[in-house]
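Just so it is clear: chains get the letters A, B, ... in the order the sequence lines come, proteins before strands, and each one is counted from 1.
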Amino acid sequence: MPLTRNSKGVTTVSEILRVSGLTVEFSTEDGTFSAIEDVGFGLEQGKTLAIVGESGSGKSVTSLAIMQLLAENGRITAGEIVLDGENLLDLPPNDIQHRILGQQISMIFQEPMTALNPILTVGDQITEVLLEHQGIAKKAAYERAIEVLREVGIPSPEKRIRQYPHELSGGMRQRVMIAMGLVSEPKVMIADEPTTALDVTIEAQILDLLDRLKREFGTSILFVTHDLNVVADIADDVIVMYAGQIVERGSVLDVFEQPKHPYTQGLLGAMPSLTGVEGDLPTIPGVVPSIANRPSGCRFHNRCPFAHPRCTAEAPAVYRVGGQDVRCHLFDPHRSEESQ
Amino acid sequence: MTRYVIKRLVQSIPVIFGITVLSFAIMKLAPGDPLANFVNPTISMEDLEASRSALGLNDPWYVQYTRWLSEVVRGNLGYTYAGNHSIRMLIGQRLPNTIILTLSAFILSFAVGVPIGVMGAVRKNTRTDYGLTIFSLVGVSVPSFFFGLLMIYLFSILLGIFPPGGMVNIRARYVGFARIMDIAHHLVLPAIVLSLSNIATVSRFTRSNMVDVLKEDYIRTARAKGLRNKAIVYKHAFRNALIPVITIFGLSIPFLFSGAYITESIFNWPGMGSLGIQAIQDREYGIVMALNLITATLVLMGNLTADILYAVADPRIRH
Amino acid sequence: MQIFQKNSFYDLAYRRFMRNRLAIIGAAITLAFVFIAVFAPVLTPYGPSEFFFSADGTTYSRYAAPSGAHLLGTDALGRDVLTRILYGARVTILVAFSAVLISTVIGTIVGLVAGYFGGIVDGVLMRIVDVVISFPVLFLLISISTILTPSVWIVVFAIGFVRWTNTARLVRGEVLRIKELDFVSAARGVGSTSTKIILRHIIPNILAPVMVQITIGTAQAVLMEASLSFLGVGVQQPTPSWGNMLIDAQRSLVLREMPWIWIPPGTVTLLLVLGIYFLGDGLRDAFDPKQ
């Protein structure tokens, strides 16, 4: 299982979060389908790991599975989620809820408008985590909340803390979300498309903020996005997901310099700022197959410019190529030449 | 907030006007001449015409309407044909009794309906939920008069726990606290009957709101914060789900007044409903019209109150 | 069985509906009552207003207890209770369906006009709706049916006139929502006429919620008719109606001693209304899987 180990094949000590063999199934009206399969990666202390993919790739399911916030019909059927030496899947739900969520891992979501409760004040929502788990006095909790709001760059936090979400701008709301995620100083922060709903200037500010927090507080961030520009800006390592599987994994530097998987190449080719030529984007034809209609063999074969007969028949293994892990037959060292 | 209240008040002015027009129209459409009841066969046509003119019944409808309206705003609701009783007095005697009954049913509807709805939503798709859903559907399906008769049959005739009707024990002549307890004892069955279908409506509405709210992003945020289920359900979900339930406050009022007609007549509760039924049998259109006017106004005020409460409860509107 | 285009909105709704046990039970109950209404004369050997005499043939067989000849006994005038229940289904279903037809037509038109044209038209129409809903339903119904001489058709029109406001509000809300959707703006952009837009884009899209409203409205109309008839201002004797069959139960002797007179008509009313509600709930869930 190459994807469950890092480059040296062993678990390194600095890894704060290690996910291995993670498989999630959803039961629907039309049957049971696996949304993600055998997903594995490690997040190093104080680093940012980006999970990139189009919608339907399984990137959000992966992050929700780590938080154990899957929808009612979703279930983790295999794998491990090890946070700081503890497998979360072995813990009773009570423990997860009381000791892990909001304390050791926090999560910020895509839509700061809908992710904040409209009828509770900013202060109520930030202090809640402290009051619920840490038994801190209300006054101390509010002081801490004001401090965190100031850290995330909210001016006059003493005033803001008494306001309701609808009284804040989109960027402010996302800062509040981040403050909420930060208030109990978690080991890992999962950010699920935190800037998608924001406009470009605000997006840049929020990314700067996350980057600063990572450096100042040593927070490890798992950053979920569909936007490769953002990945280049913020991440140290990157995972590319397609149709429920990781297809490529490596450092941002390696992956952006030398993308190996045809899908990653396609994505990078489809990136406007790197091609420089607006209006003539080399896009990947077709769409991500739905969870119920995944093709046999390599899941990307029907959109892949390099597909050959083996790709339809046989699911590719993961190969180590340069600095990256790649799930593609093209990199099979035992590949016979004629099958190209 | 203040602007919102003013806007709602202004909006309700044409509605009040419409209510009076409709009430008046219903009265005018009623068959028969009010004087016809008193016609002495010996009276001459000229004399009849004269008294018609004297009463203003020959004036155009809008003159009659204006005259009637100016009396109504002064609190004069007219007199009954038979016995010349003041309608205002008659209704004044009955209104408090109806309010006791409808208010009890109103409180019962929400005190029982909201928890049932929350329980159904929190245990969505379990046996408890299905059981509560079927209970609610039966609650809205059972004809209230049939349910009332069943209750009398069961609790008065077979078990003898509650009186079959009336508001006080006439023979006992209780006073003070004993009288209150006596009224309460008489109130149990009619209040249950009147509230049943409202309980069902409130619980269905609460459940569906609560189910929607529990799917909101901010509930997921709350879960991500590791909050206890209780805190998620009550602090985050319930309060949001309750705001729309306030609209049902307003809708319940006409519903309960309607129900009071039937409930009061089954249980001989001396309120406006049984007065109304009596008035219909006696063709006392003046009473019917006055009841329409009063309840419609109460309903309008109730809706207005509900809207204002809604605004107070929701910070997004409050500011 | 494939009765709609595969995976169309209606095909998916149909499949969801067929999986919903309560909805199927509801549909079965409703159809059973329609069947009873249609075939009432075949199902009973008696007429609804046929009087029966006691054994000696001199007096009417009043309040006879259930027997082989009269499965649910006879009523105050010596008529067969079961037969009156079967014929009562006709009246109930006729009144409910016709009333809902009227309220749906009025409500849909008012809602469409108010929602589509907006402005003053909307303001005026919605204030009229406000006026009508300010009157408790039964008050209005009672006023209407006392002013006009009570008959089955007055009951139909009275219920239809009172019920249209719900449909109007629903349709208006849906129209406001649909009007903002891209394909409607697009149609307007290319200069389609209002009539065309309403017929081609709006009507098909409000069909599902209106169908649900029709079902729920029918259930409520059944209850309204029963209540009016019970209060003596609805369907009048000798025409049998489930509501007017219960009038007699207000006499304590009948209530206490003759349950066959009043329990069966009350129960069938409950059953029919419950069946229609099950059906309506099933339709709503089928059209709107979110719930």
Quiz prompt | Under 3.5 Å: donor-acceptor pair, side chain of B:Glu216, backbone of A:Thr114 | solution = no
Self-check item: Heavy-atom pair with the smallest gap, counting every atom of B:Lys235 and A:Asp124
Solution: NZ-O, 4.3 Å
Quiz item: When you check the side-chain N and O atoms of A:Glu128 and B:His236, is any donor under 3.5 Å from an acceptor?
Solution: yes
Quiz item: Out of curiosity, B:Asp314 CG to A:Ile119 CD1, how far, rounded to the nearest 0.5 Å?
Solution: 7.5 Å
Quiz prompt | Heavy-atom pair count under 4.5 Å with chain B, highest-scoring of A:Gln125, A:Gln68, A:Arg99, A:Gln110 | solution = A:Gln125
Quiz item: chain B heavy atoms under 4.5 Å from A:Met113: which part of the residue, side chain, backbone, both or neither?
Solution: neither
Quiz item: What's the spacing between A:Ile126 CD1 and B:Lys225 NZ if we round to 0.5 Å?
Solution: 8.5 Å
Quiz item: What part of A:Ile100 gets closer than 4.5 Å to chain B, counting heavy atoms only: side chain, backbone, both or neither?
Solution: neither
Quiz item: Checking heavy atoms, do the side chain of B:Ile243, its backbone, both or neither come under 4.5 Å from chain A?
Solution: side chain
Exercise. For B:Thr221 and A:Asn117, run side-chain contact (heavy atoms from CB on, under 4.5 Å): C-alpha distance rounded to whole Å, both residues' side-chain angles, the deciding distance at 0.1 Å, then the answer.
Key: CA-CA 9 Å; B:Thr221 309; A:Asn117 192 324; over 6 Å; no
Quiz prompt | Shortest non-hydrogen contact between A:Met107 and B:Ala224, atoms and distance | solution = CB-CB, 4.3 Å
Quiz item: Salt bridge between A:Glu72 and B:Lys124, side-chain N to carboxylate O under 4.0 Å?
Solution: no
Quiz prompt | Trace of the side-chain contact (heavy atoms from CB on, under 4.5 Å) decision for B:Asp217 with A:Glu111 | solution = CA-CA 8 Å; B:Asp217 283 356; A:Glu111 279 285 348; 4.3 Å; yes
Self-check item: Heavy-atom pairs under 4.5 Å with chain B, option from A:Leu69, A:Leu64, A:Val129 with the top count
Solution: A:Leu69
Self-check item: Heavy-atom neighbours of B:Arg8 CZ exceed 12 at 6.0 Å
Solution: yes
Exercise. Tell me, out of A:Ile190, A:Ile108, A:Leu101, who's got the most heavy-atom pairs with chain B below 4.5 Å.
Key: A:Leu101
Quiz item: Checking B:Ala231 against chain A: side chain, backbone, both or neither under 4.5 Å from a heavy atom?
Solution: side chain
